[in-house]
Amino acid sequence: MTTLPNLKHLPQHVAIIMDGNGRWAKQRGLPRLAGHKKGVNTAQKVVEIFFEYKIPHLTLYAFSTENWNRPKREIDGIFKILEERLEEGIKFAQENGIRIRHLGKPDGLPLRLQEKVKQALELTKNNSRMSVSLAFNYGGRDEIVEAARSLILGCISPQDVNEKLFSQYLYTADTPDPDLVIRTGGEMRLSNFLIWQSAYAEIYFTPVLWPDFAKKEIDKALIIYSQRQRRFGSLPPE
Ligand code: IPE
Ligand code: IPE
Ligand code: MG
């Protein structure tokens with residue numbers, strides 16, 4: 001049983017940029033794909049911990065629209081690992097009432113992965129204890145452009161367009177904005193991740209490489225989050 005530190009504020013939605021798989025492998029003289037394999041194990045463990053912590057929304061960034069710039073071998077390998085591991089993910093989700101969502105475009109993904117994703121979304125669509133959103137073939141700018149395109153196609157009149165309506169056209173419609181964005185691997189940037197939704201998220205960077213990310217690191221991030229003061233442009237209470 002995983003115990004949660006006793007904290008004043010807990011985030012309702014945590015979104016994680018899972019970075020550092022390649023460096024983790026390189027440090028061990030292994031091929032980059034070994035890092036991605038290990039990274040998916042970490043992702044599974046992290047989902048289990050957040051589930052036990054009863055944090056209702058978790059988003060994991062697994063492949064960006066810019067990651068298409070990598071060698072084909074690595075891209076094919078990542079998608080194969082995702083496809084294989086989704087099967088286990090669906091099983092865990094079904095046993096625990098977890099809804100799986102996909103953020104990103106299905107187009108361009110290998111057909112078998114598209115099928116697996118469809119199956120995951122369909123099988124888990126009525127689960128409501130927790131939502132786990134997997135962002136792959138995802139880019140924040142692409143998401144915003146697609147939303148604008150849908151608004152235009154839907155002939156929405158300009159005076160009806162506001163932030164609330166626009167949010168409904170994003171992949172994250174029906175999910176609250178992330179309270180906390182964590183990036184592992186030491187880089188301090190968002191790399192096109194949830195750029196609309198993270199407008200007021202607390203951001204936490206850690207040098208720990210994703211395959212090494214574990215309960216201790218989650219607890220550290222949650223403790224730091226609970227000590228932050230969120231003002232949303234207002235003034236701190238007197
Ligand atoms: C993150 O790890 C996973 C993906 C972007 C697919 P990286 O593959 O970016 O690992 P580093 O940053 O090269 O170590
Ligand atoms: C961001 O990591 C994307 C994911 C973790 C899926 P990258 O390794 O692709 O980001 P950059 O290239 O360092 O910005
Ligand atoms: Mg990286």
Side-chain angles (χ1 to χ4, degrees), residues 13-47 50 57-86 89 100-110 112-114 116-117 120 132-146 170-172 175 178 180-198 201-214 217-218 221:
H13 182 180
V14 178
I16 309 182
I17 303 172
M18 308 185 288
D19 195 22
N21 293 347
R23 280 164 283 163
W24 182 91
K26 195 169 174 217
Q27 284 171 1
R28 287 159 180 79
L30 298 168
R32 291 179 59 86
L33 281 176
H36 294 309
K37 272 203 185 124
K38 177 81 175 148
V40 175
N41 288 344
T42 302
Q44 174 66 34
K45 285 192 202 129
V46 166
V47 170
F50 277 94
H57 302 281
L58 177 68
T59 299
L60 300 173
Y61 196 16
F63 190 91
S64 72
T65 44
E66 289 68 38
N67 288 145
W68 289 104
N69 294 325
R70 296 191 179 194
K72 187 173 181 312
R73 233 174 84 91
E74 179 169 346
I75 297 173
D76 290 348
I78 291 172
F79 289 149
K80 190 146 180 289
I81 295 166
L82 281 177
E83 185 200 315
E84 284 166 7
R85 296 303 299 271
L86 249 177
I100 300 176
R101 295 175 191 258
H102 173 225
L103 313 185
K105 276 204 189 99
D107 326 349
L109 295 173
R112 285 172 51 159
L113 179 57
Q114 287 190 33
K116 205 33 79 214
V117 172
V132 175
S133 301
L134 305 174
F136 56 92
N137 200 10
Y138 172 86
R141 286 189 171 181
D142 176 65
E143 177 181 38
I144 291 167
V145 168
E146 285 301 325
L170 300 172
Y171 298 125
T172 47
T175 310
L180 172 64
V181 172
I182 297 174
R183 182 173 186 143
T184 63
E187 308 293 356
M188 297 193 193
R189 54 178 169 255
L190 288 174
S191 301
N192 206 7
F193 184 49
L194 298 181
I195 51 177
W196 167 286
Q197 299 86 339
S198 296
E202 295 300 320
I203 306 192
Y204 174 80
F205 297 107
T206 168
V208 173
L209 302 174
W210 177 250
D212 292 328
F213 194 74
E217 310 300 329
I218 295 176

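We count residues from 1, following the sequence as given. Order of listing sets the numbers, starting from 1, for every ligand and every atom in it.
- Taking only nitrogen or oxygen atoms, main chain and side chain alike, R70 reaches within less than 3.5 Å of ligand 1.
- Here the closest non-hydrogen pair linking A15 and P178 is CB-CB, 4.0 Å.
- In F193, neither the side chain nor the backbone holds a heavy atom less than 4.0 Å from any atom of ligand 2.
- Of the protein's non-hydrogen atoms, R32 NH2, 3.0 Å is the one closest to atom 13 (O) of ligand 1.
- Close N/O approach between Y61 and ligand 2 is not found [any backbone or side-chain N/O within under 3.5 Å].
- Under 4.0 Å from ligand 1, the heavy atoms of M18 that appear belong solely to its backbone.
- The I78 neighbourhood of ligand 1 comprises atoms 6 (C), with distances under 4.0 Å to a heavy atom of that residue.
- For atom 2 (O) of ligand 2, a protein heavy-atom neighbour is found at a distance under 4.0 Å.
- Within the listing of ligand 1, atoms 3 (C), 6 (C), 8 (O) sit less than 4.0 angstrom from a heavy atom of H36.
- Every heavy atom of G185 sits 4.0 Å or more from the atoms of ligand 1.
- Taking a 4.0 Å cut-off on heavy atoms, A62 registers as neighbouring ligand 1.
- Closest to atom 14 (O) of ligand 2, if we only count protein heavy atoms, is S191 OG, 2.7 Å.
- The aromatic rings of F136 and H102 are tilted relative to each other, their planes meeting at an angle between 30° and 60°.
- Within the 4.5 Å cutoff, the side chain of K38 has no heavy atoms near those of the R28 side chain.
- Within the 4.5 Å cutoff, side-chain heavy atoms of Y171 are placed close to those of D142.
- No more than 12 heavy atoms of other residues, nucleotides or ligands lie within 6.0 Å of CZ in R141, so this atom counts as exposed by the packing criterion.
- Proximity annotation for atom 10 (O) of ligand 2: of E66, R183, R189, R183 comes nearest, heavy atoms only.
- R23 does not count as a contact of ligand 2, since none of its heavy atoms falls under 4.0 Å from the ligand.
- Within a 6.0 Å sphere centred on CZ of R70, heavy atoms belonging to other residues, nucleotides or ligands number more than 12.
- Only the side chain of N67 comes within contact range of ligand 1, with a heavy atom under 4.0 Å; no backbone atom does.
- A donor-acceptor contact under 3.5 angstrom links the side chains of H13 and T59, judged on distance only.
- Residues F50 and V132 form no side-chain contact, since every pair of their non-hydrogen atoms from C-beta on lies 4.5 Å or further apart.
- In terms of polar-atom proximity, defined here as any N/O pair under 3.5 Å, D19 does make such a contact with ligand 1.
- Under the 4.5 Å side-chain criterion, counting only non-hydrogen atoms from C-beta, L60 is in contact with V47.
- The closest side-chain heavy-atom distance from D19 to R183 is below 4.5 Å.
- None of the N, O or S atoms belonging to E187 lies under 2.8 Å away from the Mg ion (ligand 3).
- G185 approaches L209 most closely through the heavy-atom pair CA-CD2, 4.0 Å.
- Per residue D19, closest N, O or S atom to the Mg ion (ligand 3): atom name OD1.
- Of all atoms in ligand 2, listed by their number and element, those nearer than 4.0 Å to a heavy atom of I17 are 5 (C).
- With ligand atoms numbered from 1 in the order given, ligand 2 contributes 6 (C) to contacts under 4.0 Å with heavy atoms of F63.
- Ring geometry for Y138 against Y61 counts as perpendicular: the plane angle is over 60°, on a 0 to 90° scale with 30° as the lower cut.
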